[in-house]
Amino acid sequence: MPKLTRAGALLTLAATGLALGATLATPADAAARAPGFLAAADLPPHPSSSWTAGKVTAGVPEAVARDRCLSRALGGDGADTWYREFGTDLDTSARQVTVRLSTTAAAKGRFSRLNKDIKSCAARTEKAEPETEATLRDYGTLSVEEGAHVYGLHTVTSWGASDIRLLSVGRDGRTVTVVGWAQLGDFGDAPVKAFKKTTVTAVNKLH
């Protein structure tokens, strides 16, 4: 199996981090205050494997803290942040990370920062990893609550590893959520239409 690049493997690596308890976590009882999250059935259908869902967990997974696309906006101490990991029996994985901000203005700022960071992620990946070619596609906005935006990121290395990732950012009031999906492949393997539906569901479930 081709080697996953750091940019494309972040979602897969997170499962290991979760198993090891490697999170930047807030107190365990904070999970009870979490916004609504996606269920396994809400993910884009996999052609040969069912999705499984981990627990909604308070904090920021270590993989997100290292994620070039998301760490600058979702890193930090993990206060008022929760996540849920999803996986299949094969190489496809997903994650939802949600943060509740103190004010609507702060949530607008975080939403804007996430979109900006994702848009610049391909260029920053190529600068940090000269052996990797990264291409971003903007799949546009979605009309749900205060809005959502969907992106695709394809990375290919000089030795031929090819990874595809879908990312979306959505907001409802003071709450911002990020949904990610990843597997080996390219843009032709990305279930964009189904992922947009997943994103709408994610935002609608927040409150």
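Along the sequence shown, the residues carry numbers beginning at 1.
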Return each pair, listed once, that meets disulfide bond (SG atoms under 2.5 Å apart) where at least one residue sits in residues 167-207; pairs must be two or more places apart or across chains. none
Under the rule for side chain to side chain donor-acceptor pair (under 3.5 Å), what residues qualify as partners of Tyr151, not counting sequence neighbours? Asn115
Closer than 3.5 angstrom, by distance alone: can the side chain of Glu146 be matched with the main-chain N or O of Gly173 as a donor-acceptor pair? yes
Side chain to side chain contact (heavy atoms under 4.5 Å, CB included) between Phe187 and Ile164, worked out: CA-CA 6 Å; Phe187 286 115; Ile164 182 64; 3.5 Å; yes
Those residues that, when tested against Thr177, pass side chain to side chain donor-acceptor pair (under 3.5 Å) (two or more places apart): Gln96, Thr98
Gly152 to Leu166 - nearest heavy-atom pair and separation: CA-CD2, 3.9 Å
Under 3.5 Å: donor-acceptor pair, side chain of Arg100, backbone of Arg33: yes
Quick check on Lys127: does its NZ atom have over 12 non-hydrogen neighbours (other residues, nucleotides or ligands) under 6.0 Å away? no
Going from CD on Gln183 to OG1 on Thr88, what distance comes out if it is rounded to the nearest 0.5 angstrom? 8.0 Å
Side-chain donor-acceptor pairs under 3.5 Å in residues 101-108, sequence neighbours left out?
| from | atom 1 | to | atom 2 | distance (Å) |
| --- | --- | --- | --- | --- |
| Thr103 | OG1 | Ala106 | N | 3.0 |

Residues forming a side chain to side chain contact (heavy atoms under 4.5 Å, CB included) with Val200, sequence neighbours excluded: Leu142, Val144, Asn204
Write down the atom of Tyr139, the atom of Val192, and the distance for their closest heavy-atom approach. CZ-CG2, 3.6 Å
Can you name the nearest heavy-atom pair linking Arg68 to Glu129, along with the distance? NH1-OE2, 2.9 Å
Identify each donor-acceptor pair in which a side-chain atom of residues 34-50 lies under 3.5 Å from a protein atom, sequence neighbours left out, and give them as a table.
| from | atom 1 | to | atom 2 | distance (Å) |
| --- | --- | --- | --- | --- |
| Asp42 | OD2 | Ala39 | N | 2.8 |
| Asp42 | OD2 | Lys205 | NZ | 2.7 |
| His46 | ND1 | Ser48 | N | 3.1 |
| His46 | ND1 | Ser49 | N | 3.2 |
| His46 | NE2 | Thr92 | OG1 | 3.3 |
| Ser49 | OG | Asp89 | N | 2.8 |

Output every pair passing side chain to side chain donor-acceptor pair (under 3.5 Å) with a member in residues 187-200, not counting sequence neighbours, ordered by first then second residue. Ser168-Thr199
Is there a donor-acceptor pair under 3.5 Å between the side chain of Arg110 and the backbone N or O of Ala73? yes
Please confirm whether the backbone N or O of Ala134 pairs with a side-chain atom of Glu126, one donor and one acceptor, at under 3.5 Å? yes
Quick one: disulfide bond (SG atoms under 2.5 Å apart) pairs with a partner in residues 122-203, sequence neighbours left out? none
Under the rule for side chain to side chain donor-acceptor pair (under 3.5 Å), what residues qualify as partners of Arg72, not counting sequence neighbours? Asp117
Between Arg84 and Val56, which heavy-atom pair has the shortest distance, and what is it? CD-CG2, 3.9 Å
For Pro130, does its backbone N or O pair with a side-chain atom of Thr132 as donor and acceptor, under 3.5 Å? no
Name all pairs fulfilling the disulfide bond (SG atoms under 2.5 Å apart) condition that reach into residues 155-186, sequence neighbours left out, sorted by first residue then second. none
Taking every non-hydrogen atom, the tightest pair across Val150 and Phe195: CG1-CD2, 3.8 Å
Restricting to pairs with a member in residues 104-198, which pass disulfide bond (SG atoms under 2.5 Å apart), not counting sequence neighbours? Cys69-Cys121
Residues 172-181 vs salt bridge (charged side-chain N to carboxylate O under 4.0 Å, His left out), sequence neighbours excluded, gives none
